[in-house]
Amino acid sequence: MSIRRIQTGPRMSEAVVYNNTVYLAGQVAAGDTVAGQTRAILAQIDALLAEAGTDRSKLVSATIYLTDIATFGEMNAEWEKWVSPGNTPARATVEARLAAPEYRVEIQVVAAL
């Protein structure tokens with residue numbers, strides 16, 4: 001089986017396709033609010049999944065990192081508008097310090113092709 005890498009850089013690929021599964025790197029986005037960052041990240045996820053040949057209805061797993069778990073509801077409001085009804089993935093949400101202070105949300109997903 002071959003491995004296909006999408007948007008490969010010197011440190012990482014934004015997505016890797018292997019064995020009919022798409023693995024996305026953690027996605028972050030600029031923005032003033034958790035809701036705004038979440039919307040931008042979900043749009044990035046849609047674009048990467050499309051480039052890989054799949055979509056959000058085929059998500060199998062998601063991990064969401066928040067710098068402040070008190071923003072869980074704000075992030076979840078955007079997630080629930082976006083996620084495919086009846087096709088919700090296994091998911092974990094964790095409070096964590098992210099790579100740069102301007103990032104408040106990071107989302108990493110795995111999807112089937």
Visitor: Does I69 reach the side chain of L66, with side-chain heavy atoms less than 4.5 Å apart?
Guide: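 I69 reaches L66 side chain to side chain.
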Visitor: Under the rule for salt bridge (Lys or Arg N to Asp or Glu O under 4.0 Å), what residues qualify as partners of D68, not counting sequence neighbours?
Guide: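 Here no residue qualifies.
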Visitor: With the 4.5 Å side-chain cut-off for hydrophobic clustering, are L42 and Y65 part of the same group?
Guide: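 Different hydrophobic clusters.
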Visitor: Among the clusters formed by ILVMFWY side chains lying less than 4.5 Å apart, do Y23 and V60 turn up in the same one?
Guide: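 They do share one cluster, since a chain of ILVMFWY contacts under 4.5 Å joins Y23 to V60.
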Visitor: Would V109 end up clustered with V83 when hydrophobic side chains under 4.5 Å apart are linked, directly or stepwise?
Guide: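 Yes, V109 and V83 fall within the same hydrophobic cluster.
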Visitor: I need the minimum non-hydrogen distance between Q44 and A29, along with the two atoms involved.
Guide: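 That would be OE1-CB, 3.6 Å.
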Visitor: Give the cluster check for V110 versus L113: same hydrophobic cluster or not, with ILVMFWY residues linked at side-chain heavy-atom distances below 4.5 Å.
Guide: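 No; tracing contacts between hydrophobic side chains, which count when under 4.5 Å, never links both residues.
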Visitor: Roughly how far, to the nearest 0.5 Å, is CZ of F72 from OG1 of T93?
Guide: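 Going from OG1 on T93 over to CZ on F72, the span is 4.5 Å.
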Visitor: Going from CD on Q7 to CG on L48, what distance comes out if it is rounded to the nearest 0.5 angstrom?
Guide: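 One gets 5.0 Å once the value is rounded to the nearest 0.5 Å.
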Visitor: Just list the side-chain donor-acceptor pairs under 3.5 Å for residues 12-22, sequence neighbours left out, or say none.
Guide:
residue, atom, partner, partner atom, Å
S13, OG, T8, OG1, 2.9
E14, OE1, Q27, NE2, 2.8
T21, OG1, N19, O, 3.3

Visitor: When rounded to the nearest 0.5 angstrom, what is the spacing between CD in E74 and OG1 in T33?
Guide: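 Answer rounded to 0.5 Å: 5.5 Å.
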Visitor: Please, which pairs that meet salt bridge (Lys or Arg N to Asp or Glu O under 4.0 Å) have at least one residue in residues 86-101, sequence neighbours excluded?
Guide: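 Qualifying pairs, neighbours excluded: none.
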Visitor: Tell me which donor-acceptor pairs under 3.5 Å the side chains of residues 99-108 have, and how far apart each pair is, sequence neighbours excluded?
Guide:
residue, atom, partner, partner atom, Å
R104, NH1, D32, O, 2.5
R104, NH2, D32, O, 3.3
Q108, NE2, L24, O, 3.1

Visitor: Carefully, step by step, assess Q37 and V34 under the rule side chain to side chain contact (heavy atoms under 4.5 Å, CB included).
Guide: CA-CA 5 Å; Q37 287 189 15; V34 166; 5.8 Å; no
Visitor: Identify the two heavy atoms, one from S61 and one from P89, that lie closest to each other, and give their separation to 0.1 Å.
Guide: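 Minimum heavy-atom contact is N-CB, 3.5 Å.
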Visitor: Does A92 offer a backbone N or O that forms a donor-acceptor pair with the side chain of T63 under 3.5 Å?
Guide: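 Side chain of T63 to backbone of A92: no pair is present.
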Visitor: Hey, could you give me each pair passing side chain to side chain donor-acceptor pair (under 3.5 Å) that has a residue in residues 77-88? Not counting sequence neighbours.
Guide: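 Output for this query lists R39-E78, D46-W82, E78-K81, S84-N87.
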